[in-house]
Colleague: 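Before I ask anything, here is the structure I am working with.
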Amino acid sequence: MLVTGTVIADAETVIDDGAVVVEGDTIAAVGDAETLRETYPDHERRAFDLVAPGLVGGHVHSVQSLGRGIADDDALLDWLFEAVLPMEAAMDAEATRAAAELGYLECLESGTTTVVDHLSVNHAAEAFEAAIETGIRGRLGKVLMDKESPDGLLEDTDEALAESEALIERYHGAADGRVRYAVTPRFAVTCSEACLRGCRDLADRHDGVTIHTHASENEDEIETVEAATGRRNVHWLDEVGLTGPDVTLAHCVHTDESEREVLAETDTVVTHCPSSNMKLASGIAPIHDYLDRGITVALGNDGPPCNNTLDPFTEMRQASLLGKVDARDPTRLPAGTVLEMATENGARAAGFDRIGRLAPGYAADLIGITTERTRATPVHDPVSHLVYAAHGDDVVFTMVDGEVRYDGGEHVGVDAAAVRARATRQAERVVAEAGIED
C-alpha cells in the first residue's frame, strides 16, 4: 500500500507532499510522493490530509472502560477503593472481555495503535484475547494484589505469581509478537514485599518481559507506603527491584530530588497522565525536571473512570498546556516534544523497538487524519495541529502491523456496534452488583 498526504514522519520531520510505502507488516519507504508513486506503481493507493505514526498509550486501563463516569469528582483513594476496585471485583470473564474490546476499539478509532495496559486481577486472559482479535499492539499484564485489597481481588502471593507466569507462557509474543507481557503489580500499597520482589524475579526469568506499575501518584499513597516501609515510594520500588530500563512507572507526580536521581540513574521510564492527575487533583508531575535529567517520559490516558476518554490527542494538548502553566513559561513542552512523548518515548514505555516513527524498517503502524473540519482550518504547522487542535475523531484510518484496523469510521473485522451493546449491558450489571451509587 502507498499512503500519501502531508507526512509527519516524526516530531522533527514533515514531508508536505509525502508518501509512506507499506509492504507486509513493515514500512518499506518514506519520502516524496511523486517519486514513490513512480517507484511503486502497482501498490494500492490511499490518500489522507495528514499521515502520522500511530500513537502510544503509555498507561491505560482497558478493563475499566465499563466504569466511565461512575466515580467523578472523588479523591484518588476513595475513587479507587469505593468504586473502581469494587467494580473490578464484580467483573466476570464476559464483562472483562467486553470492557477490553470497548477500550481497544476506542483507542484504535482515536489514533492509538499501541497500549501499555494495566488490566485487573481476574480474567486477564480475556483482555489478551481481545487485543489479539481487535488487532491493537499491546504490552499487557495481569494485576497482582496480595494485601490491603477488597474481597474478590485479594490474592495469595504465590498463586498470583504463578498465574502471571502461566499468562506469560501463553501470551508473551502472541500475534507474531504484536502482544507482549508486562508483570503488573497494582502499586506498593496493595503489594507485599514478597510480591514485588517476586515480580522482578518473574520478569528476569522471561526474555523480553517488562514491569509496569503505579508510583507516587498521590500524597496519601506516598504516606501509606512510607509508614509501611520507612521509605519514599521510588526508593522502596528501587530496593525491591522495580526500577530499570525494563520498568514503566505510571504518574510519578510526587517525587523528591533523591527519587528523581534514582529514576535517572536506573533509566526507568515514566508515563505522564495529565488529564487523570488533574481530574483526581493528584498534582502536577515534574515533567520538565524529568526531561532535563534525560528520563524518558511517555504519555498515557490512564483509565476511563479517571479521565473519561482514551483520546491521545486530548492528552497531548493537556500535557503541553499543563507543562507551560507549571513552568510559567509558554516555551516549555512545545508541540514537537509532546509528540515525541506520545510516539517514540511511548515506544520505550511499551518495550517495542521499531514503532513510534514512520521510517523504513519500522512496523507499519500509522494513522490517517482528516483536516476537513472548521477547527482544522488553516493548518500552518502539522505538528502543532496534531498537539493543539486535532481530536481523536479526526482519525479516519488506522493501520497496525500493516493491517487496516479502522477505515472511514468503521472498524475492520470487528462488529463495533455489537461490542458497544455488550459493554453497555455488562456495565449496568457490574455497577449494580458492585453497589456503586451514581
Side-chain angles (χ1 to χ4, degrees), residues 1-56 107-114 135-137 175-178 312-313 335-336 339-340 342-348 350 352-373 376-387 390 394-413:
M1 182 179 291
L2 190 148
V3 183
T4 60
T6 297
V7 174
I8 304 156
D10 56 48
E12 298 180 349
T13 308
V14 176
I15 307 169
D16 289 332
D17 185 12
V20 179
V21 178
V22 174
E23 294 188 336
D25 60 3
T26 304
I27 295 172
V30 179
D32 174 71
E34 183 176 356
T35 300
L36 292 178
R37 287 190 195 99
E38 294 174 356
T39 305
Y40 298 91
D42 298 326
H43 281 53
E44 176 189 355
R45 298 182 183 182
R46 300 295 303 272
F48 303 100
D49 296 328
L50 303 177
V51 181
L55 303 178
V56 181
C107 287
L108 289 167
E109 68 187 44
S110 302
T112 296
T113 54
T114 299
I136 200 162
R137 186 183 302 280
D176 295 323
R178 177 168 52 79
F313 294 91
L339 181 60
E340 186 174 18
T343 52
E344 295 184 75
N345 289 8
R348 269 284 323 272
F352 287 89
D353 292 334
R354 303 188 71 77
I355 65 168
R357 298 178 61 204
L358 300 180
Y362 272 59
D365 294 5
L366 60 88
I367 56 177
I369 299 163
T370 182
T371 58
E372 293 182 6
R373 305 277 191 267
T377 306
V379 178
H380 289 299
D381 180 335
V383 173
S384 171
H385 176 76
L386 288 186
V387 173
D394 296 341
V395 174
V396 293
F397 179 84
T398 302
M399 172 181 282
V400 184
D401 240 10
E403 296 288 338
V404 178
R405 298 299 182 179
Y406 183 72
D407 193 3
E410 299 292 334
H411 289 273
V412 178

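Just so you know, residue 1 is the first one in the sequence shown, and it goes up from there. Bear in mind the structure is a predicted one, so any value in this text is a computation, not a measurement.
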Colleague: Kindly say whether Gly361 contributes a backbone atom to a donor-acceptor pair with the side chain of Arg354 at under 3.5 angstrom?
Modeller: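 Checked: pair present.
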Colleague: Considering only distance and modelled atom types, tabulate donor-acceptor pairs under 3.5 Å from the side chains of residues 43-54, sequence neighbours left out.
Modeller:
residue	atom	partner	partner atom	Å
His43	NE2	Glu23	OE2	3.1
Arg46	NH1	Asp407	OD2	3.1
Arg46	NH2	Asp407	OD1	2.9
Asp49	OD2	Thr370	OG1	3.4
Asp49	OD2	Thr371	N	2.7
Asp49	OD2	Thr371	OG1	3.1

Colleague: Testing the basics here: between Ala19 and Val7, what is the closest heavy-atom pair and its distance to 0.1 Å?
Modeller: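 Minimum heavy-atom contact is N-CG2, 3.6 Å.
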Colleague: Provide the closest heavy-atom pair for Pro360 versus Ala29 in the form atom of the first, atom of the second, distance.
Modeller: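 So the two residues come closest at CG-CA, 4.2 Å.
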Colleague: Given side chains that start at C-beta, do those of Asp394 and Phe313 come closer than 4.5 Å, heavy atoms only?
Modeller: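 A side-chain contact is absent here, since even the closest heavy-atom pair is not under 4.5 Å.
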Colleague: When you measure from the side chain of Asp25 to the backbone N and O of Gly402, does any donor-acceptor pair fall under 3.5 Å?
Modeller: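 It does not hold such a pair.
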Colleague: In the structure I gave you, are the side-chain heavy atoms of Val383 and Val14 within less than 4.5 Å of one another anywhere?
Modeller: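 With C-beta onward as the side chain, the pair touches.
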Colleague: Exactly one of Thr398, Ile136, Thr114 should register a side-chain contact (heavy atoms from CB on, under 4.5 Å) with Cys107. Which one does?
Modeller: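 Of the listed options, the one satisfying the test is Ile136.
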Colleague: Which atoms form the tightest heavy-atom contact between Met1 and Val404, and what is the distance?
Modeller: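 Nearest pair, atom of Met1 first, then Val404: CE-CG2, 4.2 Å.
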Colleague: What's the shortest heavy-atom distance between Asp401 and Ala363, and which atoms?
Modeller: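 Taking every non-hydrogen atom into account, OD1-CB, 4.1 Å.
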Colleague: Could you tell me if the side chain of Ile369 sits less than 4.5 Å from the side chain of Phe397, heavy atoms only?
Modeller: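 No; the side chains remain at least 4.5 Å from each other.
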Colleague: How many angstroms lie between atom CD1 of Ile355 and atom CG of Leu366, to the nearest 0.5 angstrom?
Modeller: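 Going from CD1 on Ile355 over to CG on Leu366, the span is 12.5 Å.
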Colleague: Quick one: does Thr343's side chain get under 4.5 Å of Val56's, heavy atoms only?
Modeller: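 No, every pair of side-chain atoms sits at 4.5 Å or beyond.
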Colleague: If you look only at pairs with a residue in residues 26-36, which of them pass as a side chain to side chain donor-acceptor pair (under 3.5 Å), with sequence neighbours excluded?
Modeller: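 Only Asp32-Thr35 qualify under side chain to side chain donor-acceptor pair (under 3.5 Å).
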Colleague: Between Ala335 and Ser384, what is the shortest heavy-atom contact and its length?
Modeller: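 In terms of heavy atoms, the two residues are closest at CB-CA, 4.0 Å.
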Colleague: Side chains of Ile8 and Thr13: does their closest heavy-atom pair fall under 4.5 Å?
Modeller: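 Side-chain contact under 4.5 Å: no.
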Colleague: So which pairs with a foot in residues 9-19 pass salt bridge (charged side-chain N to carboxylate O under 4.0 Å, His left out), sequence neighbours left out?
Modeller: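 Applying salt bridge (charged side-chain N to carboxylate O under 4.0 Å, His left out) to every pair that reaches into residues 9-19, excluding sequence neighbours, yields Asp10-Arg357.
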Colleague: Nearest 0.5 angstrom please: Glu403 CD to Asp365 CG, how far?
Modeller: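 Reported value, rounded in 0.5 Å steps: 11.0 Å.
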Colleague: Do Met399 and Arg405 have side-chain heavy atoms sitting under 4.5 Å apart?
Modeller: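 Met399 vs Arg405: side chains apart.
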Colleague: So, do Leu339 and Leu55 sit near enough that their side-chain heavy atoms are less than 4.5 Å apart?
Modeller: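 Side-chain contact under 4.5 Å: yes.
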Colleague: Leu2 and side-chain contact (heavy atoms from CB on, under 4.5 Å): which single residue from Val22, Asp42, Val21 fits?
Modeller: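 Exactly one option meets the side-chain contact (heavy atoms from CB on, under 4.5 Å) with Leu2, and it is Val21.
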Colleague: Just by modelled atom types, is the Val400 backbone N or O under 3.5 Å from a matching donor or acceptor in the Arg137 side chain?
Modeller: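 Checking the backbone N and O of Val400 against the side chain of Arg137, no donor-acceptor pair under 3.5 Å is found.
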Colleague: Where is the tightest heavy-atom contact between Gly18 and Ala33, given as atom of each residue plus distance?
Modeller: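 What the structure gives for the nearest pair is O-CB, 3.5 Å.
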